[in-house]
Protein chains: 2
Amino acid sequence: MHDHAATHDHGCGGAQAAIARAERLCRERDLQFTRLRREVLAAVAGQTRPMGAYDIAEALSAPGRRVAAVSVYRALDFLTEHGLVHRIASRNAFVSCGHSHTDGAGLVFLICRNCGTIDETTAPEVEDQLGRTLAKAGFKPISRILEVEGECGACLSRPAEA
Amino acid sequence: MHDHAATHDHGCGGAQAAIARAERLCRERDLQFTRLRREVLAAVAGQTRPMGAYDIAEALSAPGRRVAAVSVYRALDFLTEHGLVHRIASRNAFVSCGHSHTDGAGLVFLICRNCGTIDETTAPEVEDQLGRTLAKAGFKPISRILEVEGECGACLSRPAEA
DNA sequence: GCCCGAGTGTTACGATGTATCATCACTTCC
DNA sequence: GGAAGTGATGATACATCGTAACACTCGGGC
């Protein structure tokens with residue numbers, strides 16, 4: 001392991017990378033990476049915590065411009081469909097994807113109860129075991145969500161920082 | 001395998017069992033298993049698919065009696081807190097617990113995309129692997145959700161039943 | 001009787017997500 | 001050039017999910 005740094009590259013610098021990746025992907029697949037989609041992705045990628053759709057709408061709105069939640073949802077649909085953003089079901093919120101994986105398969109989200117940061121990793125061994133378990137149960141998986149809530153390493157290192 | 005029947009014992013007969021288990025548990029812990037809580041549990045346990053809180057409220061309401069969603073939420077809070085009912089995060093809905101586990105740990109929910117049935121199992125091997133993965137990442141887990149969407153064995157056996 | 005606590009009913013509200021229709025930009029085909 | 005089609009967006013309304021606040025009831029203890 002230890003593409004750990006890679007899994008952490010949200011957070012400002014990561015936004016640039018995420019957008020660059022999105023542009024490349026959209027060029028490859030002949031998709032439209034429009035202004036709104038870019039802005040929604042930028043907003044999400046600029047955070048290490050998940051953002052709600054309404055948070056995003058507010059963040060993109062300005063005195064002269066109002067972005068409605070419905071527009072954000074549409075952009076998020078596009079972005080999640082192509083794996084650029086992930087939905088955190090336990091929070092009704094979204095994070096930008098830190099990987100360049102082809103599919104949403106095998107992802108694990110680590111949600112820190114203390115600082116709210118979301119870390120995204122893959123766990124092939126867990127996937128393998130899960131696949132075997134599902135096969136034994138006669139269940140054919142299509143998609144899955146695996147979200148773990150707890151305390152992240154950073155928060156465990158410095159116990160009492162508010 | 002093939003405690004499969006056991007994992008399936010929602011579904012009408014299972015409602016009786018679920019309520020019996022709940023009564024026992026509440027007696028042991030000196031909790032109040034009130035009429036509303038019993039009815040909410042019965043409603044959820046009588047289904048193999050997850051029910052939304054508003055669905056439950058409607059199911060319990062009758063010409064002479066209106067059960068508000070907020071009451072259902074309170075009952076569900078109680079039931080989930082004591083492991084009698086589980087929340088399906090990906091559906092914003094609830095299913096009755098088919099096990100008598102002490103804790104919500106290690107559960108896997110199998111959600112059939114075709115028939116909507118939810119099957120609940122445990123997967124110790126997956127748990128073990130996940131625990132190791134989290135330890136390596138320096139993350140201390142407190143709770144987790146693992147929900148798999150796909151096609152259940154029953155639906156795979158009879159491909160074209162509407 | 002009185003108080004107190006847990007559960008419930010009721011109303012209102014906030015937060016999340018979707019349906020519908022109009023508009024705009026761009027392409028294609030005539 | 002102009003008509004028609006397609007995909008994205010704007011705007012309004014609506015549906016669903018969840019919670020806050022307060023009043024009421026019912027039991028037990030004093």
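Numbered from 1 within each chain, the chains take letters A, B, ... in sequence-line order.
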Nearest-Å distance for atom pair [atom1]/[atom2], residues [X] and [N]:
X	N	atom1	atom2	result
Leu60(B)	dG7(C)	CG	P	18 Å
Tyr73(A)	dT20(C)	OH	C1'	17 Å
Leu41(B)	dG7(C)	CG	P	16 Å
Met51(B)	dC17(D)	CE	P	11 Å
His82(A)	dG7(D)	NE2	P	13 Å
Gln32(B)	dT25(D)	CD	C1'	13 Å
Leu76(A)	dT18(C)	CG	P	11 Å
Arg87(A)	dT18(C)	CZ	C1'	13 Å

Inset, instruction - Validate the cation-pi geometry between Arg37(B) and Phe78(B): distance from NZ or CZ to the six-membered ring centre under 6.0 Å, angle to the ring axis within 45°. - result: yes
Legend entry - DNA chain D: 5'-proximal contact among Phe78(A) and Arg66(A) (nearest heavy atom): Phe78(A)
Is there a side-chain polar atom (N or O) of [X] under 4.0 Å from OP1 or OP2 of [N]?
X	N	result
Ser71(B)	dG7(C)	no
Arg37(B)	dT8(C)	yes
Asn92(A)	dG17(C)	yes

Inset, instruction - Among Leu146(A), Val95(A), Val148(A), Asp119(A), find the one that has a side chain to side chain contact (heavy atoms under 4.5 Å, CB included) with Phe109(A). - result: Val95(A)
Legend entry - Any N/O donor-acceptor pair, Tyr54(A) side-chain to dG14(C) base, under 3.5 Å: no
Inset, instruction - Kindly say whether, by distance alone, the side chain of Arg74(A) makes a donor-acceptor pair under 3.5 Å with the base of dG10(D)? - result: yes
Inset, instruction - Assign each of Leu31(B) and Arg91(A) to its nearest nucleotide of DNA chain C by heavy atoms, then name whichever residue's nucleotide is nearer the 5' end. - result: Leu31(B)
Legend entry - Most 5' of Val67(B) and Ala93(A) on DNA chain C, judged by nearest nucleotide: Val67(B)
Legend entry - Flag, side chain of Arg21(B) to backbone of Cys97(B), donor-acceptor distance under 3.5 Å: yes
Inset, instruction - Tell me which nucleotide among dT9(D), dA19(C), dG7(C) gets nearest to the side chain of Val70(A). - result: dA19(C)
Inset, instruction - Before accepting this row, confirm whether a basic side-chain N of the pair Arg65(A)/Glu39(A) lies closer than 4.0 Å to the acidic partner's carboxylate O. - result: yes
Inset, instruction - Indicate yes or no: does Arg38(B) engage Glu23(B) in a salt bridge with an N to O separation below 4.0 Å. - result: yes
